[in-house]
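A short write-up of the structure that comes next.
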Amino acid sequence: MIENLVIVESPAKAKTIEKFLGSDFMVKSCFGHVRDLSKKNFGIEIENNYSPQYIITEDKKKIVGELRKLVKESTVVWLATDEDREGEAIAWHLSEILKLPAENTKRIVFHEITKDAIRKAVDNPRGINKDLVNAQQARRILDRLVGFELSPVLWKKIQPKLSAGRVQSVAVRLLVEREREVLHFKPESKFKVYGTFSFSDNNGKKGELKAEIPDRFPGPDEAKEFLNLCKDADFKVVDITTKPSRKSPAPPFTTSTLQQEASKKLGFSVSQTMSVAQKLYEAGFITYMRTDSFNLSGLALASARKTIIEKFGEKYAKTRKYKTKVKGAQEAHEAVRPTYFQNNTINGNHSEQRLYELIWKRTIASQMSEAQLEKTTVTIDVPNSDKKFIASGEVIKFDGFLKIYMESGNDKSDDSAKGLLPPVSAGQSLNYETISANERFSTSPPRYTEASLVKKLEELGIGRPSTYAPTISTIQQRGYVLKEDRPGFNRTVRIISISEGKLEEKTKTETAGTEKKKLFPKDIGMVVNDFLLEHFRDVLDYNFTASVEKEFDEIAAGKLDWTEMIDNFYKPFHVKVEKSLADSIKKTGERQLGKDPETGKPVTVKIGKYGPMVQLGDSNKDEKPRFASLMKGQIIETITLEEALELFKLPRTIGDFEGKDLVIGVGRYGPYLRHDGKFFSLMKGTDDPMTIIKSRAIELIDENRKIENKRVIKNFSADPDMKVLSGRYGPYISYKKKNFRIPRKKDPESLTYDDCMKIIEEGQKKERQKAKGKRQK
DNA sequence: CAGTGAGCGAGCTTCCGCTTGACTT
């Protein structure tokens, strides 16, 4: 007999809690949601007042079975799922499927895993809050209705397997709109003036001072006019002011800020951050990593303080509590923090150590004193002009939290001089060494990175800590978005300068627009976005989630009936769905580019069966039109007639090798070289299909053959189909186009043909079992 | 993965949010 059975969501949490509770408590985890809407017929009986049809999820059947057995042997069951809408719903689903009687069931909550918090929770049990559960059901049903009605519209109007949803479609919209801002942006240039001055102080000591004019000059003429004015001017320091300033530390990490900083400081993708954090959590090094709360437990605050005093001294410690400003935050957990502050490093692989140290520093810094700075501004008068040169410097008087952590700034680089200024005094005369006016171009708003998109979504209250990473990967999987690097372009900038009374004009080249790991919307993303905006603008509205969240809150407060809320949304929504289906024209994003000067045939661009393509000729006329895929980086929206005509020059033969043609083309997976029936991908960045030459093509073939040979660990003369190869995930057997894992114990070098056959039979047996399992779903 | 772009049609795709492993070539 089990006296008390406690059910929590996470197994790692179960382990910790079990230690805090006495031996008469057994703690089990249910691994999150155990039931979900059936996928058949929406899982909702719309006609029956939106009655939800729940089924136990395939991957939870086993754990539910175990829980059912344990419940039978237990006296009291404690539902200790998270203290938020989803957690309450999980508790309710558990009570339903485990048929828990109210009198022997207690609902408890805690949002920090400390002995005190858990004891306190056990002393204050309550029942399940059905209003909160209904708010969750409304959320779930709304998302299902939106997702499962919109997606099929896209299958019919654009292409199969596409998807739309309350969260992902807004994420794509943000990217598409930003991309268009970038594409339409016309950089303007102005001239920024910098001066380097020299002086000798009262003791005859020489010094140098760099300063700049805060406002910019609209053009070269204005800049020149100003420089001419400076040529013979006597410069003088007219004012020196020093002002104290303070800097406060950033709050401890939430999921989204952890993703942002890990991206900026460590170069991690959001999913990488989450999987490394998961490892740290399971090892007991950090608290739960999916959270929207800045909160630290009392114990954590005290422990951080102790660590800071030990390491840095009393004056570095300052206990701080942070409040969330995020819309819709549910704060069921603590902030992401180290479990033991005394450990500033941990054992683990390189990524784990780096992420841990980042978390440790950020959390510790959040409990440290503010930095005290002194900002000095020197103003230099320009005779006969209302412009003034300004030099500014900043000195740290007390480092405080800056001792260990500095939050990453924005992408914009701060080019004003920082640091200590030389000792000048008011009234001091200055001579200029050089004064130069540099042409500066304005920049478009930046494209999103994965992490900056998460930040934006969080600001809009869209998505949850557990879904940021999956959402980012969904929009990439659907082909709406591509994460990649793009090289910049060179441009000429003008520099006008004076030195020793002589005016000089030069130019120099700079690279602009270089992008690293940025999200680019693809054509299909743009077409889907435009279609959804045309017909379902309200769902794509940036405030849609915020406004339905308000209603969910009312449901949770018992002031609104959930079926009424859903009905108010669904009735008009469904009408729009029907309307959008009414005209049967497919959306392809087609654009007319003009006429081919040689043949006079029309050139168009659109999304075809296999992606974006250009077409030469009319498909309704007798002659079959020519087709060609767009190249990487080209999009329907911006491709020109000239670029399109270039594409029709492929495929082309560039010579022969070993008696066979070398053919260059662009296919489904990018530019390729075809030789003797084999395909070789061209190297991106280095090989251009339009200009590649024969010798380079042969080089590619040679390289490929070498790699191919290296991959082979073993082959068998008896059967050329059987090979032991070394791949990304270690050695494996390849047999008749199928791959099989080699059991860990076996040495791949010494496998015999019969050994391989045996492994293959085992593998096929497993595969059959898996297929069987899938059919039962 | 495969390097195309005829047309037909059966059967499938899809949401968000809560959790981990299983699995990949």
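If you're wondering where the values come from, they're calculated on a predicted model, not measured in any experiment. Every chain is numbered from 1 and lettered A, B, ... according to where its sequence line falls, protein lines coming before strand lines.
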Inset, instruction - Please determine if A:Arg674 and A:Asp661 form a salt bridge, counting it only when a charged side-chain N lies under 4.0 Å from a carboxylate O. - result: no
Legend entry - Side-chain-base donor-acceptor pair under 3.5 Å for A:Arg144 and B:dC16: no
Legend entry - Under-4.0 Å side-chain N/O to phosphate OP1/OP2 contact, A:Gln615 with B:dG5: no
Legend entry - Salt bridge present between A:Glu88 and A:Arg107 (N-O < 4.0 angstrom): yes
Inset, instruction - State whether A:Arg290 places a side-chain N or O below 4.0 Å from either non-bridging phosphate oxygen (OP1 or OP2) of B:dT19. - result: yes
Legend entry - Residue whose nearest DNA chain B nucleotide is more 5′ - A:Glu549 or A:Ala628: A:Ala628
Inset, instruction - Just call it for A:Gly665: base, sugar-phosphate, or nothing, with non-hydrogen atoms closer than 4.0 Å on any strand. - result: nothing
Inset, instruction - May I ask you to decide whether A:Lys649 forms a salt bridge with A:Glu646, counting only side-chain N to carboxylate O separations under 4.0 Å? - result: yes
Inset, instruction - Might you work through the side-chain hydrogen bond (donor to acceptor under 3.5 Å, both in side chains) test for A:His111 and A:Glu334, ending with a clear yes or no? - result: CA-CA 6 Å; A:His111 49 246; A:Glu334 278 188 78; over 6 Å; no
Inset, instruction - Respond yes when some side-chain nitrogen or oxygen of A:Arg626 is under 4.0 Å from OP1 or OP2 of B:dT4, and no when none is. - result: no
Legend entry - Donor-acceptor pair (no angle test) under 3.5 Å: A:Arg464 side chain, B:dC18 base: no
Legend entry - Nearest-Å distance for atom pair CZ/C1', residues A:Phe573 and B:dC15: 11 Å
Inset, instruction - Check whether any side-chain N or O of A:Arg711 sits under 4.0 Å from OP1 or OP2 of B:dT25, and answer yes or no. - result: no
Inset, instruction - Using a heavy-atom cut-off of under 4.0 Å over every strand shown, decide if A:Tyr281 touches base, sugar-phosphate, or nothing. - result: sugar-phosphate
Inset, instruction - May I ask you to say what A:Pro470 touches in the nucleic acid, namely base, sugar-phosphate or nothing, with a heavy-atom cut-off under 4.0 Å? - result: nothing
Inset, instruction - Output yes if the stacking criterion (under 5.5 Å between centres, under 30° between planes) is met for A:Phe148 over the base of B:dT14, else no. - result: yes
Legend entry - Distance in angstrom units between A:Lys62 NZ and B:dA22 C1', rounded: 12 Å
Legend entry - Length of the line joining A:Asp84:CG and B:dC16:C1', which is rounded to integer Å: 14 Å
Inset, instruction - Report which part of the nucleic acid A:Val146 touches: base, sugar-phosphate, or nothing (heavy-atom distance under 4.0 Å, all strands). - result: nothing
Inset, instruction - Please tell me if the side chains of A:Phe31 and A:Pro11 come closer than 4.5 Å, counting only heavy atoms from C-beta onward. - result: yes
Inset, instruction - Answer with base, sugar-phosphate or nothing: what part of the nucleic acid does A:Glu149 contact at a heavy-atom distance below 4.0 Å? - result: nothing
Inset, instruction - For B:dG17, take OP1 and OP2 only and decide whether either is under 4.0 Å from a side-chain N or O of A:Gln136. - result: no
Within the sub-3.5 Å range, which N or O atoms of nucleotides 6-13 of chain B have a protein N or O partner, and how far apart are they?
| from | atom 1 | to | atom 2 | distance (Å) |
| --- | --- | --- | --- | --- |
| B:dT13 | O2 | A:Lys161 | N | 2.6 |

Inset, instruction - Answer with yes or no whether the side chains of A:Glu112 and A:Tyr288 bring together a donor and an acceptor at under 3.5 Å. - result: no
Inset, instruction - Identify whether any heavy atom of A:Ser10 sits under 4.0 Å from a base atom; if not, whether one sits that close to sugar-phosphate; answer base, sugar-phosphate or nothing. - result: sugar-phosphate
Inset, instruction - Would you mind reporting whether A:Leu37 and A:Phe42 have side-chain heavy atoms less than 4.5 Å apart? - result: no
Legend entry - P gap between B:dC1 and B:dT24, integer Å: 12 Å
Inset, instruction - Go through the N and O atoms of the side chain of A:Ser629 and the base of B:dG3, and report whether any donor-acceptor pair is under 3.5 Å. - result: no
Legend entry - Gap between atoms OH and P, on A:Tyr735 and B:dT25 respectively (whole Å): 19 Å
Inset, instruction - Please work out if A:Tyr288 contacts a base, only the sugar-phosphate, or nothing of the nucleic acid, heavy-atom cut-off 4.0 Å. - result: sugar-phosphate
Legend entry - Rounded distance (Å) that lies between atom P of B:dT19 and atom CD1 of A:Ile7: 16 Å
Legend entry - Separation of atom CE in A:Met289 from atom C1' in B:dT20, rounded to whole Å: 9 Å
Legend entry - Salt-bridge criterion met for A:Glu549 and A:Arg85 (N-O under 4.0 Å): yes
Inset, instruction - Identify whether any heavy atom of A:Gly677 sits under 4.0 Å from a base atom; if not, whether one sits that close to sugar-phosphate; answer base, sugar-phosphate or nothing. - result: nothing
Inset, instruction - Identify whether any heavy atom of A:Arg674 sits under 4.0 Å from a base atom; if not, whether one sits that close to sugar-phosphate; answer base, sugar-phosphate or nothing. - result: nothing
Legend entry - B:dT24 OP1/OP2 closer than 4.0 Å to side-chain N/O of A:Tyr732: no
Inset, instruction - State whether the aromatic ring of A:Phe679 stacks on the base of B:dG3, taking stacking to mean ring centres under 5.5 Å apart and ring planes under 30° to each other. - result: yes
Inset, instruction - Determine the contact category for A:Ser163: base if any of its heavy atoms lies under 4.0 Å from a base atom, sugar-phosphate if only primed atoms, P, OP1 or OP2 are that close, otherwise nothing. - result: sugar-phosphate
Inset, instruction - Could you state the atom-to-atom distance from NE2 of A:His93 to P of B:dG17 in whole Å? - result: 15 Å
Inset, instruction - Please report, rounded to the nearest Å, how far the P atom of B:dC16 is from the CZ atom of A:Arg140. - result: 9 Å
Inset, instruction - Select base, sugar-phosphate, or nothing to describe what A:Gly87 touches, counting heavy atoms under 4.0 Å on all strands. - result: nothing
Inset, instruction - Identify whether any heavy atom of A:Gly165 sits under 4.0 Å from a base atom; if not, whether one sits that close to sugar-phosphate; answer base, sugar-phosphate or nothing. - result: sugar-phosphate
Legend entry - Residues A:Asp523, A:Lys606: salt bridge by 4.0 Å N-O rule: no
Legend entry - Nearest to side-chain heavy atoms of A:Asp143, which nucleotide of B:dT4, B:dC18, B:dC16: B:dC16
Inset, instruction - Could you check whether A:Ala89 gets within reach of a base, just the sugar-phosphate, or nothing at all, counting any heavy atom under 4.0 Å? - result: nothing
Legend entry - Separation of the P atoms in B:dT25 and B:dA2, to the nearest angstrom: 12 Å
Inset, instruction - Give a yes or no on whether a salt bridge exists between A:Asp143 and A:Arg139, defined as a side-chain N under 4.0 angstrom from a carboxylate O. - result: yes
